[in-house]
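Below is one structure, written out as structure tokens; the observations come after it.
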Amino acid sequence: MIRQEIVGILRSHLMEFGYEYDFVVEIPEEQFGDFSTNIALVGAKYFKKPPKEIAKDFVEKFSGHRMFKEVTIAGPGFINFKVSNEFYRDFLTKFIQNPYSVWNFKRHGSILMEYGSANPTGPLTVGHGRQVVIGDVLGNVFKFTGWEVTKEMYLNDAGRQIRLLAKSVWARYNQLLGYDEPIPEDGYNGEYVVDIARHVIADHNDEYFKIWNDDVESVFKSYALNEISRMFDTTLEKIGANFDNVFKESSLVNDGTVKEVLTILESKGLVYEEDGALWFRASRFVNDNDKVLIKNDGSYTYFLTDIAYHYKKYKRGYNIAVDIFGSDHHGHLPRMYAAMKALDIPEDFLMFVLHQFVTLKRGDEIVKMSTRAGEFVTLDELIDEVGKDAARYFFAMVDVNTHLNFDLELAKSKTDENPVFYVQYAHARISSLFENAKAKGINFIPRENIELLENESEMRIIKQISLFDEILERVTEKLSPHYLADYLEKLASLFHKYYAENKIVDTDNMRLSNARLNLAFAVRRVLSEGLNLIGISALERM
RNA sequence: GCGGCUGUAGCUCAAUAGGAUAGAGCAUCGGACUUCUAAUCCGAGGGUUGUGGGUUCGAGUCCCGCCAGCCGCGCCA
């Protein structure tokens with residue numbers, strides 16, 4: 001917020017000088033000030049003057065400006081700003097009165113977030129967990145910053161994999177009834193497959209023993225789907241993922257969207273037949289090979305239904321669609337962009353977040369997760385072991401592009417090795433301050449005595465508070481939630497330090513106590529908003 | 001072979017559109033609880049940013065080559 005103001009002022013001064021070019025206002029190392037700009041350095045080639053002289057011209061314009069305590073030139077020509085205490089105190093007062101008056105969120109459009117999409121053929125994995133948390137947090141932040149958000153999960157209930165699962169369940173069903181039917185090749189081996197078979201037996205006894213046809217397949221398919229959906233729901237609830245909608249692949253076939261898309265592509269001459277299959281001319285739009293839409297056995301590829309899904313997303317009126325996948329799906333991107341172009345859907349409609357993989361560790365030991373052998377650690381087990389808060393925090397705390405090393409021992413530990421509690425503790429600490437104040441007969445009055453705040457650490461904290469909206473914007477621009485976690489840790493750290501150095505509740509100095517409680521109050525507000533967005537609990541007491 | 005991501009302190013990670021002396025946490029070592037919660041705080045050590053070139057006032061960041069790791073390159077999803 002403050003940064004935007006500085007940018008604005010600088011830009012208008014730049015225009016007065018008769019120039020227009022890009023520059024940055026950033027937060028430098030503390031010794032240099034609160035904010036800093038390279039406007040004079042970048043301007044050298046336009047002004048045709050040395051950066052330091054240009055800087056001087058700018059600095060003159062700032063003399064006597066109420067917002068700043070100091071504007072100086074340093075190094076090769078940086079202009080450094082030190083914001084006045086008065087300005088910070090005004091900011092704090094406004095913030096406490098109504099945070100939304102200082103949070104600079106515009107009204108944005110509508111956005112459809114798709115994530116956690118999985119074949120309903122087995123339990124959600126740890127990898128899905130990362131994806132779900134990234135999606136959930138991004139969705140929360142988008143909503144908070146003024147977007148209309150729909151969080152959606154796509155269920156691939158129409159393809160070959162779900163049929164394989166049905167057949168696998170049927171094989172287990174026969175085995176349970178005493179016939180040694182082998183699991184199909186590429187089938188599913190996990191224990192949950194046996195559980196589903198048990199359900200079928202409970203309801204139908206040996207009705208389908210050694211009988212396999214299309215009708216039987218659809219029976220087993222629906223048992224499998226129901227069971228797996230229930231498993232998904234349980235797990236998703238445990239990790240606190242709030243989907244607005246589950247979208248079934250099969251609905252695109254049933255409501256004719258797939259056909260509609262095929263018709264459009266055909267009418268544009270973008271499909272052709274070869275080897276008994278129907279192909280899409282992806283190579284016309286992107287640097288990739290053509291792709292199959294309909295296989296030679298007449299069934300649809302995942303690609304075709306996914307095109308239909310995205311066509312439908314666009315038709316549903318969203319401004320932007322964000323898809324979150326594991327990085328193993330990056331091969332899917334070019335063909336999707338090609339399809340969007342083919343359907344005349346604007347280029348900036350579809351955005352992807354590809355997150356890197358998760359490695360589970362127990363101390364130094366890597367935990368093997370092999371899906372085929374059915375010996376994976378499921379997301380469910382992970383949450384049971386480390387808890388929702390730790391799981392979410394760990395998934396949200398690193399850049400989506402960074403391979404995540406998830407240390408189970410660390411996530412579980414209740415010691416200060418664990419970064420999860422740091423922020424929560426700051427929140428709990430402040431809550432206890434207020435209890436303490438109350439017990440000592442200090443009656444907290446919002447916005448009173450703020451003029452008594454004057455030391456460096458107090459100003460640092462207010463500055464950090466003032467950066468909240470900008471950090472959230474960054475989360476949505478860069479599509480990575482880790483900026484928020486970093487921010488909250490920094491704020492918590494500043495507060496812990498402040499707490500250690502200053503007595504906040506002090507009956508010998510009631511007015512100062514009230515001033516400091518105001519500051520603590522604002523910190524707690526930001527912490528709880530931030531923790532909320534990440535989806536972990538803001539505790540009153542620890 | 002081609003493509004995507006990654007390589008930063010012993011470990012896990014940051015570094016805000018190319019900015020100033022590359023920062024945190026953990027671990028290690030040394031301090032701080034008769035005083036608002038020590039799940040905290042203070043201090044110390046720890047680096048040729050994988051490697052070799054290039055671009056410029058300035059490179060962890062951009063370009064080219066090389067090395068290493070992960071992931072793709074299906075009529076799987």
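Only this structure's heavy atoms are used, side chains among them; waters, hydrogens and symmetry mates stay out. Each chain gets a letter, A, B and so on, in the order the sequences are listed, and its residues count up from 1.
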For this session: State whether A/Tyr483 places a side-chain N or O below 4.0 Å from either non-bridging phosphate oxygen (OP1 or OP2) of B/A15.
Result: yes
Notebook entry, point to check: Are any of A/Lys295's side-chain N or O atoms less than 4.0 Å away from OP1 or OP2 of B/C76?
Noted result: yes
If pairing means Watson-Crick or G-U wobble with both distances under 3.5 Å, then the partner of B/A44 is B/U28
Expected label for B/C33 (glycosidic angle, syn inside 90° of 0, else anti) would be syn
Looking at A/Arg281, I'd like to know if its CZ atom is crowded, meaning that more than 12 non-hydrogen atoms belonging to other residues, nucleotides or ligands lie closer than 6.0 Å. yes
### Query
Under 4.0 Å between a side-chain N/O of A/Lys497 and OP1 or OP2 of B/U40, yes or no?
no
- Task: For B/U40 versus B/G1, give the span between their P atoms, rounded off to a whole number of Å.
- Result: 49 Å
**Study point:** Sub-6.0 Å ring centroid separation between A/Tyr422 and A/His496
**Key:** yes
Heavy-atom nearest nucleotide on RNA chain B taken for A/Asp297 and for A/Gln356; more 5' hit belongs to A/Gln356
Rounded to whole Å, CG of A/Leu408 lies from P of B/C26 at a distance of 20 Å
By nearest-nucleotide position on RNA chain B, the 5'-leaning member of A/Phe32 and A/Asp328 is A/Phe32
inquiry  = Taking 4.0 Å as the cut-off, does a side-chain nitrogen or oxygen of A/Arg3 come that near to OP1 or OP2 on B/U16?
reply    = no
B/A39 base stacked by A/Tyr422? Criteria: ring centres under 5.5 Å, plane angle under 30°. no
Contact under 4.0 Å: A/Thr402 side-chain N or O vs B/A14 OP1/OP2: yes
Pairing partner of B/G1, by Watson-Crick or G-U wobble and under 3.5 Å for both distances, is B/C73
ask   = When you check the gap from the basic side-chain N to the acidic O, do A/Arg460 and A/Asp34 get nearer than 4.0 Å?
value = no
